[in-house]
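We use all heavy atoms of the structure for the numbers below, so side chains are in, but hydrogens, waters and symmetry mates are not. Here is how names work: the chains are called A, B, and so on, in the same order as the sequence lines, proteins then strands, and each is numbered from 1.
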Protein chains: 2
Amino acid sequence: MATGRTHRPATRSRGIPEATVARLPLYLRALTALSERSVPTVSSEELAAAAGVNSAKLRKDFSYLGSYGTRGVGYDVEYLVYQISRELGLTQDWPVVIVGIGNLGAALANYGGFASRGFRVAALIDADAGMAGKPVAGIPVQHTDELEKIIQDDGVSIGVIATPAGAAQQVCDRLVAAGVTSILNFAPTVLNVPEGVDVRKVDLSIELQILAFHEQRKAGEEAAADTVVPPVAARKQPHSTDQGPDGDVPAVMQA
Amino acid sequence: MATGRTHRPATRSRGIPEATVARLPLYLRALTALSERSVPTVSSEELAAAAGVNSAKLRKDFSYLGSYGTRGVGYDVEYLVYQISRELGLTQDWPVVIVGIGNLGAALANYGGFASRGFRVAALIDADAGMAGKPVAGIPVQHTDELEKIIQDDGVSIGVIATPAGAAQQVCDRLVAAGVTSILNFAPTVLNVPEGVDVRKVDLSIELQILAFHEQRKAGEEAAADTVVPPVAARKQPHSTDQGPDGDVPAVMQA
DNA sequence: CCATCTTTGTGCACGCGTTCACAAAGACAT
DNA sequence: ATGTCTTTGTGAACGCGTGCACAAAGATGG
């Protein structure tokens with residue numbers, strides 16, 4: 001295998017555009033679905049539709065990985081699944097610790113999408129001593145005191161913070177000090193991390209506020225339009241948003 | 001920009017760049033914290049640091065809202081809180097329905113960030129008849145059959161989908177048909193919606209995969225560097241990513 | 001073996017977003 | 001009032017991401 005790996009255009013120094021990296025998981029999901037239906041090949045047009053993106057964008061994205069398609073035919077599903085998985089680093093096992101086992105932490109622990117890809121929940125950690133030993137998603141919760149030991153013993157490099165905002169920075173510091181270099185933060189706080197550590201932020205409240213902004217704008221435009229265009233027709237076009245023309249929107253930002 | 005801004009080039013005279021809109025909630029949070037500490041004014045530099053962004057960016061962002069600062073002094077905290085809140089549409093009440101009350105749905109229902117801003121959980125909806133009436137976060141869960149009635153009675157325009165992937169599209173269709181025009185989707189699926197409906201997607205699995213990609217890259221570069229540069233110095237600069245230079249990365253995309 | 005048809009891969013242009021750098025504006029002291 | 005000092009607001013340059021449009025590549029059929 002790895003035949004197409006002949007020329008390695010820019011795999012390392014040049015790097016893949018961040019926007020492309022963010023879409024690879026999307027493609028991978030669509031491809032996995034096709035794979036399960038035993039579809040052998042897929043065209044950029046079809047795959048793009050399934051992933052909700054523009055086909056030209058998809059082709060360009062794939063071009064960064066190399067030339068894995070066959071003109072006149074399309075892409076080999078299985079091969080592409082493998083290539084993207086490898087590119088994303090999913091062919092190896094990533095132990096992950098989740099800190100803060102409240103409602104959200106439990107939800108994350110139970111989330112199937114973890115194990116399905118290369119991720120494995122190495123430990124669930126909570127500051128509440130009363131939770132210690134209690135199993136969540138089949139994994140016993142451990143106390144915060146064990147954090148450093150767990151991370152070092154299991155070689156954990158990815159941590160998920162699902163604590164209240166007040167505890168997030170402190171937990172983050174400990175994770176980083178213990179060796180974690182990638183953090184997924186669900187707490188509504190800006191985390192301060194040293195250079196070399198990646199932080200991605202998922203913020204519920206922010207997402208809703210962005211929706212509210214657009215919702216307000218739609219209401220305003222509709223009202224303005226109603227005073228001019230009474231007919232029912234042409235009522236739902238301000239702003240659009242379906243995936244046809246597609247629109248990626250930065251929503252979660254590095255913090 | 002965001003959403004498929006197919007036509008209508010400039011989002012009306014009142015066009016605030018999408019990237020700016022996405023940061024406003026960040027500023028608002030930092031400002032709220034300052035407000036609670038009774039800080040009267042704040043400079044762009046200070047506020048930018050608190051929000052984890054570049055100060056020039058922040059000033060430009062605010063310039064889209066108008067000139068709310070005083071040169072030589074900074075910005076009036078209270079005034080800015082109000083202006084941003086108004087711009088985001090948070091001065092009005094937004095009833096929200098959450099569909100799919102599993103672990104995640106429950107976590108969302110309990111999330112304090114909802115009520116704190118202009119959002120109000122109008123209803124919790126689940127397909128499991130056994131859950132009907134059971135209170136979650138003090139709100140009784142209602143059966144899916146009630147969905148349309150609830151949305152219309154309460155004038156709900158924002159819906160949150162926290163169902164399994166398989167049910168998401170169906171739920172989405174019903175929400176839209178009932179009048180919802182903004183959807184926050186937690187299910188790992190590309191939602192198909194008619195024009196005029198906004199969809200924002202939060203995908204756990206995708207976030208982790210992006211982290212894995214960077215993690216892999218860091219490991220690769222480190223290994224490569226070790227074979228060439230033994231010294232300990234200059235070891236943690238591949239990619240960086242802390243908030244100093246700041247790096248926003250599209251992670252959640254419209255679907 | 002040639003013609004035709006399909007689909008990829010990409011050069012190019014365009015527009016958005018970020019950042020720099022500085023003039024303008026106001027506060028404050030004298 | 002005048003000068004100095006601070007901080008905003010923004011013009012301009014630059015880089016990245018997107019999408020168009022097309023040539024190249026390969027399949028397919030005669």
Side-chain angles (χ1 to χ4, degrees), chain A residues 4 7 9-10 14-24 27 40-49 51-77 79-80 83 243-251 253-254, chain B residues 1-11 15-24 27 40-49 51-77 79-80 83 243-251 253-254:
Chain A
H7 45 247
R14 205 56 63 225
I16 300 173
E18 190 60 28
T20 295
V21 173
R23 280 188 294 268
L24 290 182
Y27 302 146
T41 61
V42 64
S43 72
S44 64
E45 204 70 51
E46 292 169 320
L47 185 54
V53 303
N54 179 297
S55 71
K57 195 187 295 183
L58 178 144
R59 288 198 300 275
K60 181 149 291 189
D61 284 341
F62 285 175
S63 79
Y64 292 118
L65 309 183
S67 294
Y68 295 147
T70 304
R71 297 175 191 227
V73 176
Y75 298 92
D76 183 280
V77 172
Y79 187 54
L80 205 44
Q83 290 299 341
Q243 50 251 74
D246 176 48
D248 302 3
V249 179
M253 27 200 36
Q254 219 118 22
Chain B
M1 82 242 51
T3 30
R5 151 134 346 97
T6 353
H7 336 294
R8 194 159 288 203
T11 310
I16 299 176
E18 190 60 27
T20 295
V21 172
R23 280 188 296 266
L24 290 182
Y27 302 145
T41 62
V42 64
S43 72
S44 64
E45 204 70 51
E46 293 169 320
L47 185 54
V53 304
N54 178 296
S55 71
K57 195 188 292 183
L58 178 144
R59 287 199 300 276
K60 179 145 290 193
D61 283 343
F62 285 176
S63 78
Y64 292 118
L65 309 184
S67 294
Y68 295 146
T70 304
R71 298 176 191 226
V73 176
Y75 299 91
D76 182 280
V77 173
Y79 187 55
L80 206 44
Q83 290 298 342
Q243 50 251 78
D246 177 46
D248 302 3
V249 178
M253 28 200 34
Q254 217 118 24

Under 3.5 Å, is there an N or O donor on one side and an acceptor on the other linking the side chain of B:Arg71 and the base of D:dT7?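 No.
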Verify the contact: side-chain N or O of [X] to OP1 or OP2 of [N], cut-off strictly under 4.0 Å; return yes or no.
X       : N      : answer
B:Ser44 : D:dT8  : yes
A:Arg23 : D:dT18 : yes
B:Tyr64 : C:dC16 : no

[X] side chain, from C-beta outward: closest of [options]:
X       : options                : value
B:Lys60 : C:dT18, C:dT7, C:dG26  : C:dT18
A:Val73 : D:dT10, C:dG17, D:dA27 : D:dA27
B:Asn54 : C:dC20, D:dG9, C:dT8   : C:dC20
A:Lys57 : C:dT18, D:dG9, D:dG19  : D:dG19
B:Ala56 : D:dC20, C:dC20, C:dG9  : C:dC20

Terminal axes of the helix from C:dC1-D:dG30 to C:dT30-D:dA1 (5 end pairs apiece), angle rounded to 10 degrees, sit apart by 10°
Is there a side chain to side chain contact (heavy atoms under 4.5 Å, CB included) between A:Arg59 and A:Tyr75? Walk through the geometry before answering. CA-CA 10 Å; A:Arg59 288 198 300 275; A:Tyr75 298 92; 3.8 Å; yes
Contact class for A:Phe62 vs. all strands (heavy atom < 4.0 Å): base, sugar-phosphate, or nothing? nothing
Between A:Asp61 and A:Thr70, who's closer to the 5' end of DNA chain D by nearest nucleotide?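 This one resolves to A:Asp61.
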To the nearest angstrom, how far is A:Leu58 atom CG from C:dT7 atom P?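 Taking CG of A:Leu58 and P of C:dT7, I get 14 Å after rounding.
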Position toward the 5' end of DNA chain C (nearest nucleotide), B:Thr20 or A:Tyr75: A:Tyr75
